[in-house]
Enquirer: 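Below is one structure. I have some questions about it.
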Protein chains: 2
Amino acid sequence: MINPRLTEFRAGATGDWVIRDIRPVLGPTLPPAHALTIKPGAEPGAEISATPAAWVLHGLPSNARYTEAEEKAALLAKQEGLGRPEATCAALLPIRKTAAWWDLPQDARRRVFEAQSHHTQIGLRYLPAIARRLYHCRDLSTAEPFDFLTWFEFRPEDEPAFDHLLAELRRSPEWTYVDREVDVRLVRI
Amino acid sequence: MINPRLTEFRAGATGDWVIRDIRPVLGPTLPPAHALTIKPGAEPGAEISATPAAWVLHGLPSNARYTEAEEKAALLAKQEGLGRPEATCAALLPIRKTAAWWDLPQDARRRVFEAQSHHTQIGLRYLPAIARRLYHCRDLSTAEPFDFLTWFEFRPEDEPAFDHLLAELRRSPEWTYVDREVDVRLVRI
C-alpha cells in the first residue's frame, strides 16, 4: 500500500502546468519537457500512468525538521495556501545536499540553516506572495536523484520577488552544502 | 531503483534470528513467527523472496533528528557496532508515534526527547553493552504500520539491563506520544 503522502511530479507532453523553462543551477539538469502533472499518491492509479514521461520525481511532505515554535506561529500567521486562482506561476526547485550536510548533528544543521543562513527569516519576508510546499525525497523506498523538491506558487508580478528570494538563499552558507539544483518555471494552463 | 539504505525485516518459518517471544506492549501486536531475516535493500533480490512471510516491516537508517554535537561525540566514544560474536541476543522494537508528536515544532520535540525524557542520556548509560540501530519508516514510499524500528544486540547476561533501559524509556514523557509498540525478542542461530 502506497504512502498517502507520496507525491509524483511527472513531466511529459501533457500536464496541468506548462513548463516555461528548465534552468540548470548546479550539477546535471533535467531533460526538456512540455508540461508537468502533480499527482498525490493517495489518488487511485498514482503509480500507473499511460503518458510517457520525460522525467518523474517523487517526494512527500513530512514533519518540519528545523522550524521552532515561534517561527511556526509566524509562518502560519502570514502564509497563504497553494491553489490561489491568481497564483498562475509556479516553480519546482529540486535540490540535493552533500553527505557532509547529512552527517552533521542536529544542532550544527540548525545553526547553518537559521543562525547563519536565516532560511526561515528570509522566507517569511516573501509571505504571503510566495506560497510554498516542501517535499522530502531522501528517505523514500526508491533511490531518488534529489533530497528535496520545493514547489512555489505566485502571481506573475511577484516573479521578480521570487527571483530575489532564491538569490538570497543561494548565497547563504546553507547553499555550500547543496551539490545539485535545478530551477523549473511553470505556468498554470 | 531501490534506496540502498532500505532494509527489510521478514518474519517467517526460517531466518537468521530465531524469534523467542513477541510481546504486545501497546496497540495491535504482530502475528507469531519462528524466525526473522534482515535484508538490506542494497542486496540483489531484496524485494523478492520465495519464503512466505508472517509479517514484513521496512525501514531505513537516516540522519539523526535530535542528536547534538556533544551527544554524538559521547555516543561515538562509547558505543560498539552490531554483529559482535558474543551479542547473541537481539530485540526488535517497532513503535509508532501520534499525530500530535509529528505536529510539534522541532524545539518542542527536542525538549520532550531530551530535556524531559533524557532519551540520549539514558541510552548512553547502557553503552557499550547494548548496541543499537534506528530505522525510520514514516517517510517511505509505502504506508508502513510503524514510524520507527529499533534493532538492539546484546549478550544474554545483559538482557536484564536491556529490560531496565526499556522500562526507563517507557515511563518517560516521550512515551506518552507512542500509540503502538511491540517488543520482539530473538536469538542468533
Side-chain angles (χ1 to χ4, degrees), chain A residues 1-8 40-42 46-47 56-76 97-114 119-120 134-148 177, chain B residues 1-8 40-42 46-47 56-76 97-114 119-120 134-148 177:
Chain A
M1 213 175 71
I2 199 170
N3 189 327
R5 284 180 285 123
L6 186 71
T7 304
E8 181 189 89
E47 285 299 89
V56 180
L57 300 173
H58 297 95
L60 48 74
S62 186
N63 62 298
R65 307 292 159 88
Y66 304 107
T67 314
E68 300 189 348
E70 273 186 48
E71 294 160 349
K72 183 178 178 176
L75 290 165
L76 287 173
K97 283 181 169 172
T98 61
W101 171 263
W102 294 112
D103 199 41
L104 288 176
Q106 176 69 24
D107 52 342
R109 272 182 283 105
R110 163 73 196 183
R111 200 178 309 122
V112 175
F113 183 88
E114 200 58 40
H119 193 128
T120 307
L134 178 66
Y135 297 83
H136 296 249
C137 329
R138 190 168 180 264
D139 289 348
L140 294 182
S141 307
T142 47
E144 296 290 324
F146 297 96
D147 290 336
F148 302 101
Y177 293 96
Chain B
M1 213 175 72
I2 198 169
N3 189 327
R5 285 179 284 123
L6 185 71
T7 304
E8 179 190 271
E47 285 298 89
V56 180
L57 300 174
H58 296 96
L60 47 76
S62 187
N63 63 297
R65 307 292 160 88
Y66 304 107
T67 314
E68 300 189 347
E70 273 187 48
E71 294 160 347
K72 183 177 178 177
L75 289 165
L76 287 173
K97 283 182 169 171
T98 61
W101 171 263
W102 293 112
D103 199 40
L104 288 176
Q106 177 69 24
D107 52 342
R109 272 183 282 106
R110 162 74 197 183
R111 199 178 310 123
V112 174
F113 183 88
E114 201 57 40
H119 193 129
T120 307
L134 177 66
Y135 296 83
H136 296 250
C137 328
R138 189 167 181 267
D139 288 348
L140 294 182
S141 307
T142 47
E144 295 290 323
F146 297 96
D147 291 336
F148 301 101
Y177 293 95

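Naming: A, B, ... by sequence-line order, numbering from 1 per chain.
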Enquirer: Given a strict heavy-atom distance threshold of 4.5 Å, which part of A:Thr67 is in contact with chain B: side chain, backbone, both, or neither?
Expert: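 The answer is the backbone of A:Thr67.
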
Enquirer: Between A:Arg5 (side chain) and B:Arg138 (backbone), is there a donor-acceptor pair under 3.5 Å?
Expert: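 Yes, because the side chain of A:Arg5 sits within donor-acceptor range (under 3.5 Å) of the backbone of B:Arg138.
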
Enquirer: Of the backbone (N, CA, C, O) and the side chain (C-beta and beyond), which part of A:Leu60 lies under 4.5 Å from a heavy atom of chain B, both, or neither?
Expert: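 Only the side chain of A:Leu60 comes within 4.5 Å of chain B.
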
Enquirer: Which residues in residues 104-111 of chain A have any heavy atom closer than 4.5 Å to a heavy atom of chain B?
Expert: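 At a heavy-atom separation under 4.5 Å, chain B is reached by A:Pro105, A:Gln106, A:Asp107, A:Arg109.
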
Enquirer: When heavy-atom pairs shorter than 4.5 Å are enumerated against chain B, which of A:Pro61, A:Ala69, A:Ser62 gives the highest number?
Expert: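 Of the candidates given, the most pairs with chain B belong to A:Ala69.
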
Enquirer: Locate the shortest heavy-atom distance separating A:Leu140 from B:Ser141; write the atom from each residue and the value.
Expert: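 Taking A:Leu140 first and B:Ser141 second, the nearest heavy atoms are CB-OG, 3.6 Å.
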
Enquirer: Based on non-hydrogen pairs under 4.5 Å, which of B:Asp103, B:Asp139, B:Asn63 is most in contact with chain A?
Expert: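 Highest number of heavy-atom pairs under 4.5 Å: B:Asp139.
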
